[in-house]
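For reference, the structure discussed in these notes is given below.
Numbers here simply count residues along the sequence, with the first being 1. Remember, it's a predicted structure, so these values are computed and weren't measured experimentally.
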Amino acid sequence: MANPLLAPLMGFLGRLSYPRLFVVTAALFVVDLVIPDFVPLADEILLGLGTLLLANWKSRKNPQPPSIRPPAA
């Protein structure tokens, strides 16, 4: 069962694009390292953000154009 306090936050953060989600995660991680327990439930939020980051992680390869074959006669 989802935590009723974190579910709306994870829903909002789940709609962010990958670079913005990474910046939010990195910023929260640095704040949590510098000032422990500054943000309540920061560890749980970081676990959720890490899960969202892994779910949104895509390889950025250039797609190859489809090869055009002449029609078979």
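- Taken to the nearest 0.5 Å, the OG1 atom of Thr51 stands 10.5 Å off from the CG atom of Leu46.
- Criterion: ILVMFWY side-chain heavy atoms under 4.5 Å apart, direct or through other members. Under it, Leu54 and Val23 are not part of a common hydrophobic cluster.
- A continuous path of hydrophobic side-chain contacts links Ile35 to Leu49 [ILVMFWY only; heavy atoms under 4.5 Å].
- Separation of atoms CG (Leu28) and CG (Leu33) is listed at 10.0 Å; rounding is to 0.5 Å.
- Hydrophobic clustering keeps Leu47 apart from Ile45 (ILVMFWY residues linked when any side-chain heavy atoms are closer than 4.5 Å, directly or through intermediates).
- Residues Asp32 and Ala42 share a closest heavy-atom pair of OD1-CB, 3.8 Å.
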